[in-house]
Amino acid sequence: MEEKITLKKHLQGIIFGFAVVIICLLFFSIGKSFQPSEIGHIRRNAIPTILIPGSSAGPHRFDALVKDLNHRDHRQHSLLRLTVHQNNTVTHTGSISHRDTRPFVVISFANNHDGYNNIRRQSHWLQTAFSYLKKHADLHTFNLVGHSNGGLIFTDYLERYYHQQALDVREFMFIGSPFNFNNTVQSQHTTMLKDFIRHQSRLPRNLMVFGILGAQTYSSDGRVPVQSVDASRQIFQNHVAVFNELLVTGQNAQHSDLVRKIDVETLIHNMVMHTAS
C-alpha cells in the first residue's frame, strides 16, 4: 500500500514537472514574440532622417543639431547612431522609441577619410547600413541630410545602389557639399563630378533636393568654394522632381557651422517634421 502511494506521488511529480516546463516554454515563446528588436519598437509609419557627417567627423557630429530640432519641436526624438566598419559590419548605440515617427539616425564610417575613392567606398558601406536598418528595424522610407562629404556619399549611393534596395527616399538635403571639390571653374569638371553627371539618369525622379551653399566670404564658406557646391545644379536640375538652392551668409556661414545656421535648421525641421507619411 505504501509503495502504491509513493508511486502515485512520483507520477504526480513527473506530471507537475512537465506542466511547469510547458508553461515556461509557452511564456518564453509569447515573451519572445513581444521582444523589441535590438534597435527598438518601430512604427510602420516611421520616417527616419538619416544624417551623414563630413570627412573626419564621427557619430556625435549632429548631437547639437538634434538637440536644437527637439527644442523646436517640443519633444524628444530618438537618436540612433550606426557605425559601419571596414569589414562591412555595423555597430550601433541608442534606439528608436515606438512613439517616435520622426527619429534621427546618424550613419558614420570607421574609415571617414577624404577623397573620391573613399567616398565610393563609403557609399557602398551606406548600402550596408540601409540593409541593417531594413533587417533590424523594418525601415524603408527615409529623408536624407548630408553635411560636406556626406552629401557626396548620398549622391553616389542614390546613383549606384538606391534602386537595388527597394527603399523610398522622400527628400534629400546637402549642406556645403563640394561636388567639384576645390575647383572654382564650373566648366572644369573633376572625375567625381563627371561621374555624377554621367549617371544622373539613375537618380530617383520623384526626389526633392535642397542644396545649402555657405558664403562666409564672397566666394566660399571658408573651406568649400560656392561654385563647387553650386555645381550640383549640373547633376540634379531637371533630373529630380524638385531642386532648390539656398545661399546663406553672415554669422555661422562657416563650413563646419552651417548645420546649425538658423535658416538651415528651419529648413531641416520643416523637411523632417512635415514629410507626409
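The residues of the chain are indexed from 1 along the displayed sequence.
Shown here is His71, whose NE2 atom has no more than 12 heavy atoms of other residues, nucleotides or ligands within 6.0 Å. Open room surrounds CD on Gln251; 12 or fewer heavy atoms of other groups in view lie less than 6.0 Å from it.
The closest side-chain heavy-atom distance from Leu80 to His92 is below 4.5 Å. Annotation: side chain of His255 is in contact with side chain of His147 (closest heavy-atom distance under 4.5 Å). Put simply, the side chain of Asn143 reaches to within 4.5 Å of the side chain of Ile47, judged on heavy atoms. Contact of the Val226 side chain with the Ser219 side chain is not registered, since no non-hydrogen atoms from C-beta on lie closer than 4.5 Å. Annotation: side chain of Tyr116 is not in contact with side chain of Thr190 (no heavy-atom distance under 4.5 Å). In this structure the side chain of Leu51 never reaches within 4.5 angstrom of the side chain of Val259, judged on heavy atoms. You'll find the side chain of Leu139 stays beyond 4.5 Å of the side chain of Ile39, heavy atoms only. For the pair Tyr157/Leu167, a side-chain contact is recorded, criterion being any heavy-atom separation below 4.5 Å from C-beta on.
Looking at residues two or more places apart in sequence or on another chain, you find a side-chain contact (heavy atoms from CB on, under 4.5 Å) between Asn182 and Pro225.
A donor-acceptor contact under 3.5 angstrom links the side chains of Thr266 and Arg72, judged on distance only. For the residue pair Asp100 / His77, a side-chain donor-acceptor distance below 3.5 Å is found, with atom types taken as modelled. Asn117 and Arg120 are not linked by any side-chain donor-acceptor pair at a separation below 3.5 angstrom, with hydrogens and angles left out of the test. With 3.5 Å as the limit, one finds a donor-acceptor pair spanning the side chains of Asp230 and Gln186. Side chains of Asn88 and Thr128: a donor on one and an acceptor on the other come within 3.5 Å. Of the N and O atoms on the side chains of Glu245 and Ser232, at least one donor lies less than 3.5 Å from an acceptor on the other residue. A donor atom on one side chain and an acceptor atom on the other are not found under 3.5 Å apart for Asn112 and Ser56.
The two residues Glu265 and Arg260 have their closest heavy-atom pair at OE2-CA, 3.7 Å. Nearest heavy-atom pair, Pro53 versus Gly58, reported as atom, atom and distance to 0.1 Å: CG-O, 3.8 Å. Nearest heavy atom pair, residue Phe109 against residue Gln122, reads CE2-O, 3.4 Å. When all heavy atoms are compared, the tightest approach of Leu267 to Met173 is CB-CE, 3.7 Å. Residues Val240 and Pro204 share a closest heavy-atom pair of CG1-O, 3.7 Å. Closest of all the heavy-atom pairs between Tyr162 and Asp168 is OH-CA, 3.6 Å.
Val105 and Leu69 end up in different hydrophobic clusters when Ile, Leu, Val, Met, Phe, Trp and Tyr side chains are linked at under 4.5 Å. Side-chain heavy atoms closer than 4.5 Å link hydrophobic residues (I, L, V, M, F, W, Y) into clusters, and following such links, even through other members, never connects Val272 to Ile52. Linking Ile, Leu, Val, Met, Phe, Trp and Tyr residues whenever their side-chain heavy atoms come within less than 4.5 Å leaves Ile175 and Ile262 in two separate clusters. Note on Ile50: it does not cluster hydrophobically with Val145, by side-chain heavy-atom contacts below 4.5 Å among ILVMFWY residues. At a threshold of 4.5 Å between side-chain heavy atoms, the hydrophobic network of Ile, Leu, Val, Met, Phe, Trp and Tyr places Leu247 and Phe236 in one connected group.
Judged by distance alone, the side chain of Gln216 and the main-chain N or O of Arg223 form no donor-acceptor pair under 3.5 Å. In this structure, Ser78 contributes its side chain and Ser97 its backbone to a donor-acceptor pair below 3.5 Å. Of the possible donor and acceptor atoms, none in the side chain of Ser148 sits under 3.5 Å from a partner among the backbone N and O of Gly150. Looking at Lys261, its side chain never comes within 3.5 Å of a backbone N or O of Gln254 through a donor-acceptor pair. Looking only at distances, no side-chain donor or acceptor of Thr101 sits under 3.5 Å from a matching main-chain atom of Ala46. A donor-acceptor contact shorter than 3.5 Å links the side chain of Lys134 to the backbone of Gln165. Between the Asn87 side chain and the Thr89 main chain, a donor and an acceptor come within less than 3.5 Å of each other. Counting only distance, with no hydrogens or angles, the side chain of Asn180 and the backbone of Ala231 share no donor-acceptor pair below 3.5 Å.
Aromatic rings of Phe172 and Phe154 (six-membered ring for Trp) have centroids within the 6.0 Å cut-off, being under it. In this structure, Phe142 has its ring center under 6.0 Å from that of Phe130.
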**Request:** Apply side chain to side chain contact (heavy atoms under 4.5 Å, CB included) to the pair Thr155 and Phe179, showing each step before the final yes or no.
**Result:** CA-CA 9 Å; Thr155 302; Phe179 285 92; 3.4 Å; yes

**Item:** Worked verdict on Ile235 versus Phe243 for side chain to side chain contact (heavy atoms under 4.5 Å, CB included)
**Value:** CA-CA 10 Å; Ile235 304 166; Phe243 175 72; over 6 Å; no

**Request:** Please step through side chain to side chain contact (heavy atoms under 4.5 Å, CB included) for the pair Ile107 and Trp125, ending with a clear verdict.
**Result:** CA-CA 10 Å; Ile107 298 177; Trp125 291 325; over 6 Å; no

**Message:** Applying side chain to side chain contact (heavy atoms under 4.5 Å, CB included) to Arg121 and His124, what does each step give before you reach the verdict?
**Reply:** CA-CA 5 Å; Arg121 293 190 192 99; His124 174 72; 5.7 Å; no

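A salt bridge does not link Asp195 to Arg160: none of the charged nitrogens lies less than 4.0 Å from a carboxylate oxygen.
Note that CZ of Arg99 is 14.5 Å distant from CD1 of Ile96, once rounded to the nearest 0.5 Å. We find the CG-CZ distance between Leu158 and Arg202 to be 12.5 Å, quoted to the nearest 0.5 Å. Between the NE2 atom in His140 and the CG atom in Leu133 there is a gap of 10.0 Å [rounded to 0.5 Å]. Note that the CG atom of Asp263 and the CD1 atom of Ile268 stand 11.0 Å from one another [nearest 0.5 Å]. Rounding to the nearest 0.5 angstrom, the gap separating the CG atom in Asn252 from the CG atom in Asp221 is 12.5 Å. The structure places OG1 of Thr49 at 8.5 Å from CG of Leu144, a figure rounded to the nearest 0.5 Å.
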